[in-house]
Amino acid sequence: MSAPCEPRATAPASAPPSLPPLPPEPSATATAPAARRPALDWRIRFAGLSLIWGFSFLLIKVGTEGYAPFQVTFGRLLAGTAVLVAAMAMRRERLPRSARTWGHLTVAALLLNALPFSLFSYAELTIPSTLAGICNATSPLWGMALSVVALSEDRPTRRRVGGLGVGFLGVLTVLGAWQGFSGLDLPGTAMALLASFCYPVGWIYVRRTLAGTGSSTLALTGSQLCLATVQLAVVTPLFTSAPTSFPLLPTLSVLALGALGTGLAVLLQYGLVQEVGPTTAQMVTYFIPVIATAAGVALLGEQLSWNTPVGALVVLVGAALTQSRPRRAATTPTPAPAPAPEGSPPAAPAPGSSPVEAAGRGPRPPQP
């Protein structure tokens, strides 16, 4: 899901619940035929993607009411992989052939799918889906903090460092730090924050290892999800027993979480990036915590104190500041190569959660 962009990209704005970041397609030539215009206007697909990722935390919550957390994660990965495998078959995509690429994809699958998805599922056993959605929005803050250490070529500006401080002030507001975190489930909250931390770690790893593989976005993403599904297939039986029943609502929630949030959402995000560019497409990540909060309160009856929406707003302001770029000073025009498509996006998800933002091209989808 990505046209070539500026080579120095930082982690995208938050990561939603369910996707691996998508890598760039092999470089396209200027003479390539124009893609056929999609049937649905991009604004409708943008709104649909926002709703899918925003509702992911509610679906996780409902899924854990009938299944163990590892089972929820395995189910969503299995359903999501099925959607992408079907898309790959229709487009006759070829799987990566390099053993080295498969090795790096295995690590990326753990960091961007298997581990954060499982952590969110365990977290929502004890914390509301609204809080999980807001914790997910901290991904760009973690990414900004890590970029100072891991991505030396991406020098932070004062505004971005200030955004980091503002964002973490918002986190403390959401958690009610002045009350000593009273009434807060610390283990569950810590797992949700750790899940959001996994995304920028995975993006940095992908950026350093999977650039220039020559495989398509869809092939890399489908392969990554496949590997994550295998990982959960191995782990799940070790910690849970086979379900004795299949309650309707939790089952439908897990299937929707996978097929829509981990499968269809990848294809929607890929199409948006191609049509309107990564900067516009990644804006979907700022709607995720808003929709997650509204869904949790309206449909699950979760309680909402004043500090939750206020803190969430501060987190989003901080996240936006960490993704800001300084304006280029005007200079005398000089002959130069044709400009790249719309600039590289801000960090995730995310979700979804691209294997190769590594090349600095195209956004990493939000990943809840």
Side-chain angles (χ1 to χ4, degrees), residues 13-19 47-67 69 72-73 75-76 116-139 170-176 179 181-196 247-258 260-262 265 284-316 319 348-353 366-368:
S14 83
S18 53
L19 303 180
L49 184 60
S50 301
L51 289 172
I52 289 172
W53 276 339
F55 270 84
S56 292
F57 297 98
L58 179 148
L59 295 175
I60 293 172
K61 189 72 172 180
V62 175
T64 56
E65 293 176 357
Y67 297 100
V72 172
T73 303
R76 76 183 288 188
F117 291 0
S118 298
L119 285 170
F120 272 123
S121 293
Y122 270 101
E124 291 200 43
L125 290 176
T126 55
I127 67 172
S129 64
T130 53
L131 179 56
I134 294 170
C135 287
N136 178 77
T138 64
S139 281
V171 173
L172 293 177
T173 302
V174 170
L175 302 182
Q179 300 173 336
F181 306 106
S182 176
L184 184 71
D185 183 82
L186 291 178
T189 304
M191 283 190 284
L193 290 172
L194 180 59
S196 71
L248 180 61
L249 199 54
T251 300
L252 292 177
S253 295
V254 172
L255 292 176
L257 180 64
L260 299 179
T262 311
V284 70
T285 62
Y286 295 104
F287 291 87
I288 293 172
V290 177
I291 296 173
T293 299
V297 172
L299 300 179
L300 298 180
E302 295 177 346
Q303 298 299 312
L304 196 66
S305 57
W306 69 268
N307 59 298
T308 300
V310 170
L313 179 60
V314 176
V315 167
L316 291 178
S353 332
Q367 323 218 2

Q) Excluding sequence neighbours, so at least two apart, what forms side chain to side chain donor-acceptor pair (under 3.5 Å) with Thr64? A) none
Q: Over all heavy atoms of both residues, which pair between Leu300 and Ser129 is shortest? Give the atoms and the distance, please.
A: CD1-OG, 3.8 Å
**Q.** Inter-residue atom distance Leu313.CG - Ile134.CD1, 0.5 Å rounding
**A.** 10.5 Å
Q | Contact check, side chains of Asn307 and Leu175, non-hydrogen atoms, under 4.5 Å | A | no
Q) At what distance, to the nearest 0.5 angstrom, does CG of Leu260 lie from CG of Leu59? A) 8.0 Å
Q. Which value, rounded to the nearest 0.5 Å, describes the distance between Leu194 atom CG and Leu119 atom CG?
A. 5.0 Å
Q) Between Thr130 and Ala292, what is the shortest heavy-atom contact and its length? A) CG2-O, 3.9 Å
Q. Do other residues, nucleotides or ligands put more than 12 heavy atoms under 6.0 Å from Tyr122 OH?
A. yes
Q: Could you tell me whether the side chain of Ile60 reaches within less than 4.5 Å of the side chain of Arg76, counting heavy atoms only?
A: yes
Q | Rounded distance (nearest 0.5 Å) linking atom CE of Met191 with atom CG of Leu186 | A | 11.0 Å
Q. Which pair of non-hydrogen atoms, one from Ala319 and one from Ala137, has the smallest distance, and what is that distance?
A. CB-O, 4.5 Å
Q. Is there a donor-acceptor contact under 3.5 Å from the side chain of Ser121 to the main chain of Val72?
A. no
Q: Tell me yes or no: between the side chains of Tyr67 and Thr251, is some donor less than 3.5 Å from an acceptor?
A: yes
Q | Distance-minimising heavy-atom pair for Glu124 and Lys61 | A | O-NZ, 2.7 Å
Q.
Can you give me the closest heavy-atom contact between Val315 and Gly170, atom names plus distance?
A. CG2-C, 3.5 Å
Q) Is it true that a side-chain atom of Thr73 and a backbone atom of Pro69 form a donor plus acceptor pair closer than 3.5 Å? A) yes
**Q.** Check: Asp185 side chain, Ile127 main-chain N or O, donor-acceptor pair, under 3.5 Å
**A.** no
**Q.** Main-chain N/O of Leu304 paired to Thr308 side chain as donor or acceptor, under 3.5 Å
**A.** no
Q | Least distance between heavy atoms, Leu299 atom then Phe55 atom | A | CD1-CE2, 3.6 Å
(Q) With a 4.5 Å cut-off on side-chain heavy atoms, are Ile288 and Phe57 touching? (A) yes
Q. At what distance, to the nearest 0.5 angstrom, does CG of Leu316 lie from CZ of Phe287?
A. 10.5 Å
Q.
Taking Cys135's backbone N and O only, do any of them form a donor-acceptor pair with Thr138's side chain (distance below 3.5 Å, no angle check)?
A. yes
**Q.** Rounded distance [0.5 Å steps], OG in Ser56 versus CG in Asn136
**A.** 9.0 Å
